[in-house]
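In this chain, numbering begins with 1 at the start of the sequence shown. In what follows, every heavy atom counts, from backbone to side chain, and hydrogens, waters and symmetry copies are set aside. Keep in mind the model is a prediction, meaning the values are calculated, not measured.
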Amino acid sequence: MADKIRYTLEKFIPDLLALQKKQVFSKDEVKDILHKREEFEYMLQRRTHNLSNYMQLLDYEYGLERLRRQRNKERQVKKVTTRDYAIVKRIIYIWDRIMNKYRYNIDLWKQYLSFCYIIESKKHFFKVITKALNFNPYNTDLWLAGALFELEKAHNPIKARKIFYQALRINNKNIDLWGSYLDFELNQLQIGQEQNDEIKNIDGFLPLNTVEPITQIKSKKLDGIKQIIQLAIENCDNSELRKLFKKILLRHNQNELAEEISQTQQLNNSEQIIKFLIENQNDIEVFDKLKELNVDYKNELLQLFKDKANTLDTFWSLAFQQPELQSILLTEIKNKPIKLKIQLVQKGYLSIEQINVQEISKLKNKKDLLEILLLLVHLYKKEFSFDIAKQNLLGQTELFETFLDEYYPLLNNEQQQQLLNWLEKQKQFCPLKYHKLRKLDFVQLIKLTEYHPNVDTWKFVLEQTKQQFPQKITQVMTSIQFLDPQIRNQLLK
């Protein structure tokens with residue numbers, strides 16, 4: 001290990017000595033730098049080292065480079081030699097070690113590319129971006145970084161265009177990438193118009209669709225832009241792409257093209273119409289757009305309602321507001337389960353008068369019935385829900401208690417007392433929770449243990465007796481002694 005570390009450090013010693021000779025660093029500072037680098041190298045040779053250790057080393061080297069630049073600026077050094085890039089070479093060496101280990105970490109690749117961008121090293125930038133894209137060819141940000149560097153640092157739009165070509169061959173379904181490419185071409189067109197000189201592309205437009213050959217684009221004027229749009233639509237046509245293109249075209253004052261792209265969407269079959277409806281489910285103008293395109297979508301809407309009636313909330317709310325659609329949707333609802341109808345009422349798509357609530361009593365599944373009643377008690381006459389619950393859930397103590405928990409707070413004081421009086425007559429069907437709401441005398445307390453002979457009831461009776469009838473506690477304790485041993489032991493604890 002020591003030999004390997006010594007070899008790594010010795011590679012950079014001549015550069016440090018050169019910086020010492022130029023009086024950038026003192027002799028003592030060079031010793032400190034070598035000592036610090038040695039510590040970091042030993043740390044990185046441990047089995048437990050991680051990314052944070054590499055980042056600490058990078059921070060240290062970044063600090064050295066900032067210090068070198070600052071001292072050169074103070075001394076007004078103008079002549080730059082290869083030795084002045086010694087620390088930069090060291091940083092690049094560290095980054096290469098990091099990226100050999102973390103090849104699929106996009107954030108790290110971006111940081112490395114940012115460093116190359118800052119030092120304006122075109123050769124090294126493209127070496128890094130090539131390696132990054134070999135491991136992450138589907139990452140849009142990396143492709144855009146390459147195109148941006150060619151455009152801004154290398155001032156070469158032709159090579160930037162070639163990078164877009166390569167990116168779109170691999171990612172021809174990526175909406176953001178198509179949008180960035182269109183924006184790039186419109187910018188180039190605008191620059192050409194301002195200079196009153198057409199931008200010439202020697203190589204011409206390369207085919208982007210590798211499955212089916214296409215005619216190469218040769219024009220850099222608006223016809224070329226139209227072909228770019230057509231290519232994008234052929235590869236990944238959807239409403240999001242059209243919205244993005246329209247936004248970009250309007251920003252570049254291409255109003256006619258922006259309007260045209262809104263009107264050219266092809267909806268030739270049911271699959272495309274359903275796809276359009278789903279993609280535009282949150283667009284309040286979705287039905288107006290279909291009318292403008294002269295598309296008969298009612299059959300597709302019914303099919304979508306059959307499949308997704310309990311989802312797409314905003315969309316169905318909008319659909320039920322359309323007079324011409326409401327009648328056909330109501331007809332379809334007749335064949336839907338009562339549970340769905342109640343949910344549609346709850347969401348505001350229907351009024352309670354538009355459904356037959358009597359269908360609820362026909363439900364055989366008690367849990368489904370309870371779920372519907374919990375919704376209906378807030379939407380319709382609460383007494384109706386209570387009557388259904390009495391008929392179907394009274395023998396199901398746990399389910400009935402769940403309904404009462406929702407129903408009881410909706411009553412006024414007089415109605416609550418009436419309910420408690422009714423529950424008193426139900427004896428074993430009355431949940432213990434509601435006995436607690438009544439003011440029971442001692443005889444009624446003891447009777448409770450007959451209706452609900454379990455630990456919870458005895459605990460309740462014992463607690464109430466201590467609070468209200470302390471003189472009767474001995475009688476209760478005597479009764480406990482004759483209980484099942486398991487219940488008795490739990491109570492005596």
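- Here Asp141 pairs with Lys110 under the side-chain hydrogen bond (donor to acceptor under 3.5 Å, both in side chains) rule; sequence neighbours left out.
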*Verdict with reasoning, Arg161 to Glu185, per salt bridge (Lys or Arg N to Asp or Glu O under 4.0 Å)*: CA-CA 8 Å; Arg161 183 177 292 116; Glu185 290 293 0; 2.7 Å; yes
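- Residues that satisfy the side-chain hydrogen bond (donor to acceptor under 3.5 Å, both in side chains) test with Tyr62, not counting sequence neighbours, are Trp95.
- Residues passing the side-chain hydrogen bond (donor to acceptor under 3.5 Å, both in side chains) test with His155, sequence neighbours excluded: none.
- A pairwise comparison of heavy atoms in Leu16 and Leu34 identifies CD1-CD2, 3.8 Å as the closest pair.
- Atom-to-atom distance recorded for Thr140:OG1 and Leu177:CG is 5.5 Å, nearest 0.5 angstrom.
- Scanning all heavy atoms of the two residues, the minimum distance from Leu186 to Gln254 falls at CD2-CG, 4.1 Å.
- Residues Gln20 and Ser26 approach most closely at CG-C, 4.3 Å, considering heavy atoms.
- Other residues, nucleotides and ligands contribute more than 12 heavy atoms inside 6.0 Å of the OH atom of Tyr117.
- Ile98 has its side chain out of reach of Tyr112: every pair of non-hydrogen atoms, C-beta onward, lies at least 4.5 Å apart.
- Looking only at side-chain heavy atoms (C-beta outward), Ile129 and Trp143 stay at 4.5 Å or farther from each other.
- Taken from CD in Gln70 to CD in Glu74, the straight-line distance is 5.0 Å, to the nearest 0.5 Å.
- Residue pairs meeting the salt bridge (charged side-chain N to carboxylate O under 4.0 Å, His left out) criterion with at least one member in residues 50-62, sequence neighbours excluded, are Arg37-Glu61, Glu61-Arg90.
- A cation-pi arrangement is absent between Lys153 and Phe125 under the rule of less than 6.0 angstrom and at most 45 degrees off the ring axis.
- Glu38 contributes no side-chain N or O that, together with a main-chain N or O of His35, makes up a donor-acceptor pair within less than 3.5 Å.
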*Show your reasoning for whether side-chain contact (heavy atoms from CB on, under 4.5 Å) applies to Leu51 and Met55.*
CA-CA 6 Å; Leu51 182 58; Met55 292 296 106; 4.0 Å; yes
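- Pro137 and Asn171 get closest at one heavy-atom pair: O-ND2, 3.2 Å.
- Distance check: Leu57 CG to Asn53 CG gives 9.5 Å after rounding to the nearest 0.5 Å.
- In this structure, CD1 in Ile91 is found 8.0 Å from CG in Leu64, a value given to the nearest 0.5 Å.
- Between Phe40 and Tyr54, a ring centre-to-centre spacing not shorter than 6.0 Å is recorded.
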*Show the numbers, then the answer: is there a side-chain contact (heavy atoms from CB on, under 4.5 Å) between Leu257 and Phe245?*
CA-CA 9 Å; Leu257 272 177; Phe245 275 15; over 6 Å; no
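- Between Leu151 and Phe184, the shortest heavy-atom contact is CD1-CE1, 3.7 Å.
- The side-chain heavy atoms of Tyr165 and Tyr181, taken from C-beta on, include a pair separated by under 4.5 Å.
- Taking every heavy atom of both residues into account, Val88 and Phe115 meet most closely at CG1-CZ, 4.0 Å.
- Atoms NZ and CD1, from Lys89 and Ile92 in turn, are 9.5 Å apart once rounded to the nearest 0.5 Å.
- For Lys101, the side-chain hydrogen bond (donor to acceptor under 3.5 Å, both in side chains) partners two or more places apart in sequence, or in a different chain, are His49.
- Checking side-chain atoms of Asn136 against main-chain N and O of Arg103 turns up a donor-acceptor pair under 3.5 Å.
- Considering only heavy atoms from C-beta on, Met99 stays 4.5 Å or farther from Phe135 through its side chain.
- At least one side-chain heavy atom of Arg75 sits less than 4.5 Å from a side-chain heavy atom of Asn72.
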_Evaluate Asn174 against Tyr138 for side-chain contact (heavy atoms from CB on, under 4.5 Å), listing each step before the verdict._
CA-CA 9 Å; Asn174 191 296; Tyr138 300 106; over 6 Å; no
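- Looking at heavy atoms from C-beta onward, Trp178 lies in side-chain contact with Asn235 at the 4.5 angstrom threshold.
- Residue pairs meeting the salt bridge (charged side-chain N to carboxylate O under 4.0 Å, His left out) criterion with at least one member in residues 122-139: none, sequence neighbours excluded.
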*side-chain contact (heavy atoms from CB on, under 4.5 Å) between Ser180 and Phe164, worked out*: CA-CA 9 Å; Ser180 298; Phe164 274 114; 4.1 Å; yes
_Pair Glu65-Arg68, salt bridge (Lys or Arg N to Asp or Glu O under 4.0 Å): steps then yes or no_ = CA-CA 5 Å; Glu65 176 61 13; Arg68 184 196 68 79; 2.8 Å; yes
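- In this structure, CG on Leu231 lies 10.0 Å from CG on Asn172, to the nearest 0.5 angstrom.
- No donor-acceptor pair under 3.5 Å is formed between the side chain of Asp183 and the backbone N or O of Gly179.
- Side-chain atoms of Gln56 and Tyr60 form no donor-acceptor pair, as typed in the model, at a separation below 3.5 Å.
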